[in-house]
Amino acid sequence: MEFFADRNLGVNTFPETLRAAGITVHVHQDHFPPDAPDVVWMPQVAARGWPILSPDIRISRDRLEVGAIMTSGAAVFCLSGGHCTSQDKARNFLRCLPQVQTVLEATPRPFIAKVYQPSRDDPDDRKTRRVEVKLTYDAWAARRGQSGLLP
């Protein structure tokens, strides 16, 4: 399994934790300048077929970034838990990996999905391995058509 970690996930704890679990992780800094705009690197990562991991939940609300995702065929997983450490985010991602794989197998690209953090009221982790597709190409295109942005 191969993923791309955006610059907000760093180059140490998050990618190293996933690599220790046998996952190939490409980090932003190895392929792009640190200040490369998301709309520039996302299409290049999508062309390589690497699903994108990002802690930036706002990606799904930024019109230009959503457009870059949808027109490039990217698969983006937004990792919730802005208050969590890189280690916590990595552990949660690994915990949810079966659901991530299911989304990758069942959902045509492009899409934006959210990987949720565990619930505090589920200490045994029985019901909170949640990955949810938030936006697909069809839903995006329908929204654009309704707003008059498509012919």
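As the structure is a prediction and not an experimental result, all values here were calculated from the model. Below, all heavy atoms of this structure are taken into account, side chains as well, without hydrogens, waters or symmetry copies.
For A21, the side-chain contact (heavy atoms from CB on, under 4.5 Å) test picks out L94, with sequence neighbours left out. Listed by chain and residue number, N8, S54, R58, I59 satisfy the side-chain contact (heavy atoms from CB on, under 4.5 Å) test with D56 (two or more places apart in sequence, or in another chain). Evaluation of the side-chain contact (heavy atoms from CB on, under 4.5 Å) rule for T24 yields E2, H26 as partners, not counting sequence neighbours. Take A90 and apply the side-chain contact (heavy atoms from CB on, under 4.5 Å) test, not counting sequence neighbours, and it matches F14, T17, L18. In this view, R61 satisfies the side chain to side chain donor-acceptor pair (under 3.5 Å) rule with no residue, not counting sequence neighbours.
With values rounded to the nearest 0.5 angstrom, F93 atom CZ is found 4.0 Å from F3 atom CZ. M70 contributes atom CE, which lies 14.5 Å from atom CZ of R63 (distance to the nearest 0.5 angstrom).
Hydrophobic cluster membership is shared by V115 and M1, with clusters built from Ile, Leu, Val, Met, Phe, Trp and Tyr side chains linked at under 4.5 angstrom. Under the 4.5 Å side-chain heavy-atom criterion for grouping Ile, Leu, Val, Met, Phe, Trp and Tyr, L135 is not connected to I57 through any hydrophobic cluster. V76 and I23 fall into different hydrophobic clusters, defined by Ile, Leu, Val, Met, Phe, Trp and Tyr side-chain heavy atoms under 4.5 Å apart, directly or through other members. Clustering ILVMFWY residues whenever any of their side-chain heavy atoms sit less than 4.5 angstrom apart, transitively, puts V131 in a cluster other than the one holding Y116.
With a 4.5 Å cut-off on side-chain heavy atoms, V66 and W140 count as touching. Annotation: side chain of D6 is in contact with side chain of P55 (closest heavy-atom distance under 4.5 Å). R95 places a side-chain heavy atom less than 4.5 Å from the side chain of N92. Counting heavy atoms from C-beta outward, L53 and F4 have side chains that stay 4.5 Å or more apart.
Environment of OH in Y137: sparse, with no more than 12 heavy atoms of neighbouring residues, nucleotides or ligands closer than 6.0 Å.
With respect to K134 and E132, a salt bridge is recorded, a charged nitrogen being found less than 4.0 Å from a carboxylate O.
Side-chain atoms of S80 come within 3.5 Å of backbone atoms of Q117 as a donor-acceptor pair (strictly under, hydrogens ignored).
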Enumerate, atom names and distances included, each donor-acceptor pair closer than 3.5 Å involving a side-chain atom of residues 35-44, sequence neighbours excluded.
unit_1 : atom_1 : unit_2 : atom_2 : d
D38    : OD1    : R7     : NH2    : 2.9
D38    : OD1    : W41    : NE1    : 3.0
Q44    : NE2    : V40    : O      : 3.3

Return all side-chain donor-acceptor pairs below 3.5 angstrom for residues 97-112, not counting sequence neighbours, or 'none' if the list is empty.
unit_1 : atom_1 : unit_2 : atom_2 : d
T102   : OG1    : P98    : O      : 3.0
T107   : OG1    : V103   : O      : 3.1
R109   : NH1    : G49    : O      : 3.2

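The two residues L9 and P15 have their closest heavy-atom pair at O-CD, 4.0 Å.
Pairs engaging residues 75-88 under the salt bridge (Lys or Arg N to Asp or Glu O under 4.0 Å) rule: D88-R91 [sequence neighbours left out].
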